[in-house]
Protein chains: 2
Amino acid sequence: MSLSRRNVGKTRTRDVGRGIPDATIARLPVYVRVLKTMSDDGVTTVSSEDLAASCGVSPAKLRKDLSHLGSYGTRGVGYDVAFLAYHVSRELGLTKPWGVVIIGVGNLGQALVSYRGFATRGFEVVGLVDAHPDVVGTSISVGGGELTVTSLDDLARLVARTGAQIGVISTPAEAAQRVADSLVAAGIRSILNFAPVVLCVPDGVEVRKVDLAVELQILAFHEQRRGEKPLPEVMHA
Amino acid sequence: MSLSRRNVGKTRTRDVGRGIPDATIARLPVYVRVLKTMSDDGVTTVSSEDLAASCGVSPAKLRKDLSHLGSYGTRGVGYDVAFLAYHVSRELGLTKPWGVVIIGVGNLGQALVSYRGFATRGFEVVGLVDAHPDVVGTSISVGGGELTVTSLDDLARLVARTGAQIGVISTPAEAAQRVADSLVAAGIRSILNFAPVVLCVPDGVEVRKVDLAVELQILAFHEQRRGEKPLPEVMHA
DNA sequence: AGGTGCTTGCGCACGAAGTCACAAACTTAA
DNA sequence: TTAAGTTTGTGACTTCGTGCGCAAGCACCT
Ligand SMILES: NC(=O)c1ccc[n+]([C@@H]2O[C@H](COP(=O)([O-])OP(=O)(O)OC[C@H]3O[C@@H](n4cnc5c(N)ncnc54)[C@H](O)[C@@H]3O)[C@@H](O)[C@H]2O)c1
Ligand SMILES: NC(=O)c1ccc[n+]([C@@H]2O[C@H](COP(=O)([O-])OP(=O)(O)OC[C@H]3O[C@@H](n4cnc5c(N)ncnc54)[C@H](O)[C@@H]3O)[C@@H](O)[C@H]2O)c1
């Protein structure tokens with residue numbers, strides 16, 4: 001048994017479709033956004049060099065990323081903007097809209113609700129959930145319509161009714177794990193977490209986190225290093 | 001030809017202090033947060049296994065990360081929680097408070113202002129800037145005191161007066177590049193960008209971005225893939 | 001048709017990051 | 001003090017991601 005894991009050695013040139021590197025996937029959304037912008041501006045064709053510059057990556061990296069999806073370019077010419085935008089969007093699963101449930105309608109949650117970027121990228125807020133009695137039951141305008149904030153107890157029903165696939169956690173840190181458990185129990189397998197805690201979820205559930213404090217601390221690290229380097233003499237003990 | 005690179009070959013075991021991998025730096029804030037929590041809970045000592053579990057990483061990765069900072073553990077015992085928390089914080093530059101300026105006091109900007117996580121992690125909002133006449137001049141309570149929203153024209157003076165080192169951009173996408181230029185001109189070299197655009201900045205300026213739509217699209221990709229691959233056939237032995 | 005000038009797609013090599021496994025170093029027990 | 005048990009710190013190895021360079025392929029011109 002256990003002989004040779006799948007894909008024994010060799011070059012494996014043809015992995016198109018399956019096995020796109022995570023690093024590539026993380027960049028695809030940027031490519032899509034820039035391509036859509038270019039398309040709106042009337043640009044019909046673009047070279048890897050120009051597109052890469054607009055996306056803030058190297059041309060080689062861009063071409064390698066795109067080569068994982070297939071050959072959508074034309075040698076000697078470049079890429080058809082609309083054509084490429086469609087295929088990258090398709091690869092990301094943006095051809096159909098995704099339903100999003102937001103848990104925790106506080107400062108951040110309300111900012112998220114009013115975020116126009118959801119609708120324009122194919123994400124629709126289909127549910128709002130909170131635990132505070134003052135918030136539950138209130139109506140909030142989101143996108144074109146109105147949504148009534150429901151209680152956490154109704155989460156499973158809400159998910160079943162709306163077919164939501166993505167849950168966004170914007171509750172205080174203390175409640176985040178409990179909320180995550182509820183989301184998983186309700187059938188959600190994709191979670192975006194804004195609370196500064198490490199969530200535990202079963203295998204098969206994907207969690208991504210956005211942690212403002214972490215980003216600031218990384219900036220602080222570099223800022224600090226910059227300050228201490230230029231000085232040849234360090235008066236520190 | 002490829003010779004004469006600085007730092008040619010050899011193991012260079014002693015790179016403590018300089019040359020901490022980026023991937024490690026990105027994890028240090030999580031370690032600090034978990035360690036602080038443990039410390040508050042009265043935990044005095046922790047093994048790499050337990051700490052790693054709480055941080056959502058593997059014990060080996062945790063130990064390698066910490067080994068880049070120095071030897072702060074005790075073999076056969078583990079790490080002193082408070083001692084380690086101090087040294088990791090120190091490495092990140094969290095011993096002194098950092099001044100933050102927020103540009104764009106709209107939905108998101110106001111949520112950021114009311115974010116308690118700033119102060120508790122050693123970041124202080126020292127300035128608010130907006131362009132809209134209705135917002136400029138208004139006072140907003142942040143942390144302990146009040147801050148008056150100033151105009152973008154006063155940014156350089158604001159930065160000089162407050163000594164702010166970090167700029168947060170929460171303006172619409174169209175304005176983000178212009179704001180970034182202003183921040184750089186004002187002397188800011190660390191920027192956190194919430195607008196969905198790729199910023200161009202001179203060398204020496206560090207930009208980190210938080211893009212909600214990108215995160216959602218990455219989730220959508222995995223969600224889609226999960227749905228389309230219910231395994232048509234499984235080799236059974 | 002054939003030549004010329006671009007640009008893509010990709011093999012290959014290199015470097016960064018992650019995993020494994022174990023000797024070194026410490027505590028505790030006797 | 002010695003031995004047994006525990007856990008760190010780290011070299012060696014594996015995997016992943018990036019950058020280089022160029023042959024293949026397309027458009028355009030003569
Ligand atoms: N405000 C920001 O700009 C910001 C930035 C980054 C991260 N965060 C994080 O986002 C989270 C929310 O921040 P905030 O400023 O909006 O806080 P908030 O207190 O304003 O809002 C939290 C909301 O969650 C609700 N809630 C509490 N427990 C709940 C539960 N068990 N189920 C459902 N809802 C529950 C509360 O009723 C409240 O409405 C926090 O974890 C915070 O650290 C906030
Ligand atoms: N709202 C969210 O939850 C959310 C989430 C993710 C990303 N974002 C992004 O964050 C940014 C802000 O979002 P928002 O919802 O707060 O928008 P908003 O329109 O509510 O706020 C934008 C603010 O920026 C100000 N502004 C405009 N031009 C300016 C300039 N040149 N200089 C200074 N200030 C200027 C406006 O006056 C306004 O107060 C957008 O780029 C958005 O895509 C928002």
Side-chain angles (χ1 to χ4, degrees), chain A residues 2 4-28 31 44-53 55-81 83-84 87-88, chain B residues 1-28 30-31 35 44-53 55-81 83-84 87-88:
Chain A
S2 80
S4 60
R5 329 156 191 227
R6 58 184 185 169
N7 202 336
V8 186
K10 280 337 261 294
T11 42
R12 80 186 291 250
T13 332
R14 296 287 92 181
D15 62 347
V16 175
R18 301 310 97 149
I20 300 175
D22 285 346
T24 292
I25 294 165
R27 284 186 293 265
L28 293 184
Y31 301 162
T44 60
T45 290
V46 69
S47 68
S48 65
E49 189 179 343
D50 292 349
L51 180 56
C55 296
V57 300
S58 72
K61 201 190 286 188
L62 174 76
R63 288 202 299 273
K64 179 144 289 194
D65 283 343
L66 295 181
S67 75
H68 287 292
L69 314 187
S71 290
Y72 297 123
T74 306
R75 296 173 189 219
V77 178
Y79 301 90
D80 182 281
V81 174
F83 184 73
L84 184 60
H87 280 287
V88 181
Chain B
M1 282 359 167
S2 58
L3 305 177
S4 75
R5 272 289 201 47
R6 57 173 189 177
N7 201 340
V8 179
K10 268 353 248 302
T11 42
R12 79 186 294 250
T13 331
R14 298 287 96 182
D15 62 348
V16 175
R18 299 312 98 145
I20 301 175
D22 286 347
T24 292
I25 294 165
R27 284 186 292 267
L28 294 184
V30 175
Y31 302 161
L35 284 167
T44 59
T45 289
V46 70
S47 68
S48 65
E49 189 179 343
D50 292 349
L51 180 55
C55 295
V57 300
S58 73
K61 201 190 285 190
L62 175 75
R63 288 203 299 275
K64 179 146 284 193
D65 282 344
L66 296 182
S67 76
H68 287 293
L69 314 186
S71 289
Y72 297 124
T74 306
R75 298 175 189 216
V77 178
Y79 300 91
D80 181 283
V81 174
F83 184 73
L84 184 60
H87 279 287
V88 181

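Below, read A as the first sequence line, B as the second, and so on, with proteins coming before strands; counting in each chain starts at 1.
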In whole angstrom, give the distance that lies between atom NZ of B:Lys64 and atom C1' of D:dT15. 13 Å
Value in whole Å for how far the P atom of D:dC22 lies from CZ of A:Arg63: 14 Å
So which heavy atom on B:Tyr31 is nearest to which on B:Cys55, and how close? CD2-SG, 3.6 Å
Taking only N and O in the side chain of A:Ser48, is any of them less than 4.0 Å away from OP1 or OP2 of C:dT8? yes
Could you check which of C:dG9, D:dC20, C:dA17 has an atom nearest any side-chain atom of A:Ala60? D:dC20
I need the CD-P distance between A:Glu49 and D:dG19, as an integer number of Å. 15 Å
Euclidean distance, atom CG of residue A:Leu66 to atom P of D:dT18 [Å, nearest integer]: 13 Å
Between B:Ser47 and A:Val77, name the one whose nearest nucleotide on DNA chain D is closer to the 5' end. B:Ser47
Nearest-angstrom distance from the residue atom CG of A:Asp65 to P of D:dG19: 10 Å
Between C:dC26, C:dC20, D:dC26, which nucleotide has the shortest distance from any of its atoms to the side chain of B:Thr74? C:dC26
B:His68 atom NE2 is separated from D:dT10 atom C1', nearest whole Å, by 10 Å
Return the CG to OG1 distance between B:Leu69 and B:Thr24, rounded to the nearest 0.5 Å. 8.0 Å
Between A:Arg75 and A:Thr24, which has a closest nucleotide on DNA chain D that is more 5'? A:Thr24
Answer yes or no: is there a side-chain heavy-atom contact under 4.5 Å between A:Thr44 and A:Val81? no
Between D:dT8 atom P and B:Asp80 atom CG, what is the distance in whole Å? 13 Å
Output the distance between atom CD1 (A:Ile25) and atom CZ (A:Arg27), rounded to the nearest 0.5 Å. 10.5 Å
Measure from CG on A:Leu62 to P on C:dT7 and round the result to the nearest Å. 14 Å
With a 4.0 Å limit, can you tell me whether B:Tyr72 has a side-chain N or O closer than that to the phosphate oxygens OP1/OP2 of D:dT7? no
Tell me, do B:Leu66 and B:Arg63 make a side-chain contact under 4.5 Å, heavy atoms counted? no
